[in-house]
2 protein chains.
Amino acid sequence: MVCKTEVRQPVREEISLPKVLHALSDPVRMEIVLKIARAGEVACGAFDIPMPKSTLSHHFRVLRESGVVASRREGNELMNFLRSDDLEARFPGVLETIIAAGNR
Amino acid sequence: MVCKTEVRQPVREEISLPKVLHALSDPVRMEIVLKIARAGEVACGAFDIPMPKSTLSHHFRVLRESGVVASRREGNELMNFLRSDDLEARFPGVLETIIAAGNR
DNA sequence: AAGATGGTTCGACTATTTTCGAACAACTCG
DNA sequence: CGAGTTGTTCGAAAATAGTCGAACCATCTT
């Protein structure tokens, strides 16, 4: 058996629109995405969302499994970034306009 | 008491992005939206989706309550149309790009 | 008025999501 | 090594969403 703790992030071609939209349909996850969009890369711990770590981790998992976010270990922490290129290639304009709309 | 069977559709200012995205995150509802987008106006009965009427009705309700779709009685049937103007005013480009993405 | 047609509502059931604490794993630093 | 930090995984419980049949409502036709 391999990769017990590896999160399965879809490759570009596997990213599905319904899953992306579902991932973005949660206010907490939308906040996460907006913050990443503003900052470029954000560690999981950088969100002062009043919520247990496990719950936050769940939301990151949904974002990763949907293909919206990818993560990369940087020493002790996980840096999260948007998969803008993949999303733009697959669903042009979708993430962009949603982020713009989310910023009011 | 009023409007027992009136569906509560949000006014423009009340349309919420998470609810819109949730409405569009279901494949059946996405199909409905795509068909309406192509045809302009579609009666509920015009969907040859293999599914009981009550289930289809449920999906239309979600679409209406989220503000994505509005309906108008035309004699015996209900004609459904997208609230493109309201959505464009509130979340510019979002519905458009999602529909384009949904059409592959 | 009675039938036929097009949709909605209700209630029950199932399935999926969300939430959370506790335990665990990976890494850093002293 | 041992302690502190960061984040994940594992159950299990609670909330939300989807599905469906039966009954119902509205409208048109006869």
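Side chains included, hydrogens not; waters and symmetry mates left out as well; all remaining heavy atoms used. Sequence lines set the chain letters: A, B, ... in the order given, protein chains first and strands last, and positions in each chain run from 1.
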Qualifying residue for side chain to side chain donor-acceptor pair (under 3.5 Å) with A/Ser71, from A/Gln9, A/Glu77, A/Arg64
A/Arg64
Spatial distance of atom OG1 (B/Thr97) from atom CD (A/Glu88) [nearest 0.5 Å]:
9.5 Å
Any side-chain N or O of B/Arg61 under 4.0 Å from OP1/OP2 of C/dG7?
no
Whole angstroms only, please: what is the CZ-P distance between A/Phe60 and C/dT18?
15 Å
Regarding A/Ser25 and B/Ser25, do their side chains bring together a donor and an acceptor under 3.5 Å, going by distance alone?
no
Quick one: B/Glu77 CD to D/dT27 C1', roughly how many Å, whole number?
11 Å
Please list, pair by pair, any protein nitrogen or oxygen found under 3.5 Å from a nitrogen or oxygen in nucleotides 27-30 of chain C.
| residue | atom | partner | partner atom | Å |
| --- | --- | --- | --- | --- |
| C/dC27 | O2 | A/Asn76 | OD1 | 3.4 |

Atom CG of B/Asp48 and atom C1' of C/dG6 are separated, to the nearest Å, by 16 Å
Can you pull out the residues from residues 21-38 of chain B that lie within a 4.0 Å heavy-atom distance of DNA chain C?
none
Apply side-chain hydrogen bond (donor to acceptor under 3.5 Å, both in side chains) to A/Asn103 and list each qualifying residue two or more places apart in sequence or on a separate chain.
A/Arg38
Minimum heavy-atom distance between A/Met51 and A/Val28, given as atom pair plus value
CE-CG2, 3.9 Å
Enumerate the protein-to-nucleotides 20-23 of chain C contacts in which both atoms are nitrogen or oxygen and the separation is below 3.5 Å.
| residue | atom | partner | partner atom | Å |
| --- | --- | --- | --- | --- |
| C/dC20 | OP2 | A/Thr55 | OG1 | 3.4 |
| C/dG21 | N7 | A/Ser54 | OG | 3.1 |
| C/dG21 | O6 | A/Ser54 | OG | 3.3 |

Minimum-distance nucleotide to B/Cys44 side chain [options: D/dG7, C/dT8, D/dT8]:
C/dT8
Residue whose closest nucleotide on DNA chain C lies nearer the 5' end, A/His59 versus B/Ser71
B/Ser71
Nearest whole Å is fine: how far is C/dT18 P from A/Glu65 CD?
11 Å
So side-chain hydrogen bond (donor to acceptor under 3.5 Å, both in side chains) across residues 41-55 of chain A, not counting sequence neighbours, yields A/Glu41-A/Arg72
Are B/Leu34 and B/Val20 linked, directly or through intermediate hydrophobic residues, by side-chain heavy-atom contacts shorter than 4.5 Å (ILVMFWY only)?
yes
How many angstroms lie between CG in B/Leu63 and CZ in B/Arg29, if you round to the nearest 0.5 Å?
6.0 Å
Value in whole Å for how far the C1' atom of C/dT19 lies from CG of A/Leu56:
12 Å
Nearest 0.5 Å, please: how far is CD1 in B/Ile32 from CG in B/Leu82?
11.0 Å
Roughly how many Å is it from CZ in B/Arg72 to P in D/dT27, rounded to a whole number?
15 Å
Could you give the NZ-to-C1' distance, from A/Lys19 to D/dA17, as a whole number of Å?
17 Å
Sequence neighbours excluded, which residues qualify as salt bridge (charged side-chain N to carboxylate O under 4.0 Å, His left out) partners of A/Arg90?
none
Taking all heavy atoms of B/Val42 and all of B/Ala39, pick out the closest pair and write down the distance.
CG2-CB, 3.6 Å
Calculate the interatomic distance between B/Leu63 atom CG and C/dG7 atom C1'; express it in whole Å.
15 Å
